[in-house]
Amino acid sequence: MSDLTGSRQKIRHPGPPAAQRQQFVRGEVRSFKVSLPAGAMLMAALTAALQDLQGETAFVHIDGLALRSGQHVLPAHSPDAQHVAWYSETHRMGACRFVHGTVVLGRKDDQWFSHCHALWETAQGSQGLGHVLCAEACIDQPWEAEIHVFFGGGLRVSFDAETNFSLLRPYADATPPRQTNALLLTLQPHEDVRSAINAVCAKLAIQEASIMGVGSLIGAVFAQGPAMRAAISEMLLLPGAEVSQGRCSALPVACVDPEAVIYQGDLLLGQGPVLITCELLLRVSL
């Protein structure tokens with residue numbers, strides 16, 4: 001794949017490149033409505049619901065959810081040569097409402113693990129975007145969430161030698177699901193997000209699908225609006241990301257750089273290389 005953004009000149013990871021650049025597993029997604037109580041921490045409420053549904057991996061849109069309080073971190077440059085990027089100090093969010101957000105839930109050893117990126121708005125009308133700490137996010141009002149639970153496999157944290165991070169990676173169960181209507185997909189650094197989706201859909205003959213997920217990018221160029229030039233960022237897919245006629249026809253994203261500047265737009269082909277990882281759920285139209 002061509003490297004149109006010069007991402008390898010901007011970012012060099014400490015470990016050897018992984019042989020498998022795109023990891024995926026096919027399975028079944030079932031969607032459920034679950035009630036999250038006021039005063040509960042988001043992580044505890046979501047994982048309790050997921051456990052009741054007998055699932056180990058899920059993607060949850062949190063658009064519209066109000067918080068009493070919360071904390072987040074921004075992307076930051078690494079303080080040493082062990083990683084190419086790190087996290088900022090923790091920032092308080094205060095009372096706010098998510099405009100868009102996605103929580104990815106998986107497992108790390110015997111514990112639950114979450115990866116959440118979100119765009120929110122405060123009562124004063126200002127916006128923020130970052131990596132939300134779900135264990136510290138207090139739900140303000142009772143809220144009904146739609147949780148998309150993956151069966152036939154899932155996401156587990158494993159060590160990635162290329163980035164020197166422990167990251168969510170897909171696995172398949174020994175017993176296949178009754179039907180396959182979904183795909184879990186994770187991407188290695190420098191993989192262009194839109195190109196990788198096209199390649200996997202061609203390989204698996206996926207014609208139509210909706211896409212949700214989170215990740216990080218080494219710069220980004222959009223169909224309209226200013227490009228993000230920073231080589232370190234956090235990113236989430238926005239509603240409307242989809243595959244049509246076998247190709248990624250729309251990939252709207254929001255991303256934030258280390259200076260807390262927010263960018264949004266339809267990510268162009270060849271102009272959105274992965275920084276650390278990208279975790280995607282493709283819900284296939286049967």
Side-chain angles (χ1 to χ4, degrees), residues 29-53 55-75 90-107 112-123 125-150 154-155 168 182 184 210-216 233-242 251-256 260 262 264 277-283:
V29 157
R30 302 176 212 162
S31 298
F32 304 89
K33 296 284 189 179
V34 298
S35 297
L36 307 183
M41 294 301 178
L42 181 59
M43 181 72 169
L46 287 177
T47 54
L50 185 53
Q51 190 159 336
D52 288 344
L53 296 170
E56 290 195 348
T57 295
F59 283 60
V60 187
H61 277 313
I62 53 173
D63 302 17
L65 172 64
L67 295 184
R68 292 181 187 173
S69 61
Q71 298 188 69
H72 77 284
V73 294
L74 290 166
T90 301
H91 299 280
R92 296 179 61 84
M93 297 165 64
C96 63
R97 186 178 299 274
F98 291 120
V99 180
H100 298 295
T102 297
V103 182
V104 181
L105 294 166
R107 300 290 285 180
W112 293 106
F113 182 88
S114 69
H115 190 185
C116 175
H117 292 175
L119 172 70
W120 62 88
E121 188 171 272
T122 68
S126 62
Q127 286 194 334
L129 193 156
H131 177 111
V132 177
L133 306 180
C134 292
E136 308 298 329
C138 182
I139 298 170
D140 183 49
Q141 302 166 3
W143 192 70
E144 187 175 69
E146 185 172 25
I147 183 168
H148 308 289
V149 186
F150 190 88
L155 292 169
L168 285 168
L184 286 176
S210 61
I211 317 168
M212 56 191 301
V214 301
S216 53
S233 73
E234 300 276 27
M235 175 273 288
L236 74 149
L237 270 62
L238 301 177
E242 63 181 12
L251 198 63
V253 304
C255 46
V256 64
I262 298 170
Q264 295 187 58
T277 188
C278 195
E279 301 147 9
L280 303 174
L281 173 66
L282 278 68
R283 301 187 65 200

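Model, not experiment: these values are computed from the prediction.
For the pair Cys116/Val214, no side-chain contact is recorded, criterion being any heavy-atom separation below 4.5 Å from C-beta on. Residues Ile62 and Val103 have side chains in contact (heavy-atom distance under 4.5 Å, counting atoms from C-beta outward). Looking at heavy atoms from C-beta onward, Leu119 lies in side-chain contact with Gln127 at the 4.5 angstrom threshold. In this structure the side chain of Ser216 never reaches within 4.5 angstrom of the side chain of Met235, judged on heavy atoms. For the pair Phe113 and Leu105, the minimum side-chain heavy-atom distance is 4.5 Å or more. Considering only heavy atoms from C-beta on, Val132 comes within 4.5 Å of Phe98 through its side chain. Contact check for Cys255 versus Ile262: no side-chain heavy atoms found under the 4.5 Å cut-off. Counting only heavy atoms from C-beta outward, the side chains of His115 and His131 approach each other to under 4.5 Å.
Of the inter-residue distances, the one linking Ser69 atom OG with Met93 atom CE reads 9.0 Å to the nearest 0.5 angstrom. Here the CD atom belonging to Gln141 is positioned 9.0 Å from the CZ atom belonging to Arg68, to the nearest 0.5 angstrom.
Not one N or O on the side chain of Arg97 forms a donor-acceptor pair closer than 3.5 Å with the backbone of Leu65.
Taking both residues in full, the closest heavy atoms of Val149 and Gly55 are given as CG1-CA, 3.8 Å, listed atom of the first, atom of the second, then distance. The two residues Val256 and Pro75 have their closest heavy-atom pair at O-CG, 3.5 Å. The minimum heavy-atom distance linking Ala182 with Val29 is given by the pair CB-CG2, 3.4 Å.
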Start with the C-alpha gap between Val104 and Leu155, add the side-chain angles, then the distance that decides, and say whether side-chain contact (heavy atoms from CB on, under 4.5 Å) holds. CA-CA 9 Å; Val104 181; Leu155 292 169; 3.6 Å; yes
Step-by-step side-chain contact (heavy atoms from CB on, under 4.5 Å) determination, Leu67 to Asp140
CA-CA 5 Å; Leu67 295 184; Asp140 183 49; 5.6 Å; no
Applying side-chain contact (heavy atoms from CB on, under 4.5 Å) to Leu281 and Ile211, what does each step give before you reach the verdict? CA-CA 6 Å; Leu281 173 66; Ile211 317 168; over 6 Å; no
**Message:** Go through it in stages, so that I can follow the logic: the residues are Leu237 and Leu251, the test is side-chain contact (heavy atoms from CB on, under 4.5 Å), and I'd like the CA-CA distance, side-chain angles, deciding distance and then a yes or no.
**Reply:** CA-CA 7 Å; Leu237 270 62; Leu251 198 63; 3.8 Å; yes
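A donor-acceptor contact closer than 3.5 angstrom links the side chains of Arg283 and Ser31.
Residue Thr102 forms a side-chain contact (heavy atoms from CB on, under 4.5 Å) with just one option from Met212, Glu279, His117, and that option is Met212. Exactly one of Val99, Leu74, Leu236 qualifies for a side-chain contact (heavy atoms from CB on, under 4.5 Å) with Leu129. That residue is Leu236.
Applying the salt bridge (charged side-chain N to carboxylate O under 4.0 Å, His left out) test to Arg107 and every residue at least two apart in sequence or in another chain returns nothing.
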Which side-chain N or O atoms in residues 32-51 pair as donor and acceptor under 3.5 Å with protein atoms at least two apart or in another chain?
from: Thr47; atom 1: OG1; to: Met43; atom 2: O; distance (Å): 2.8
from: Thr47; atom 1: OG1; to: Ala44; atom 2: O; distance (Å): 3.3

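Trp120 and His72 have their aromatic ring centers within a separation under 6.0 angstrom.
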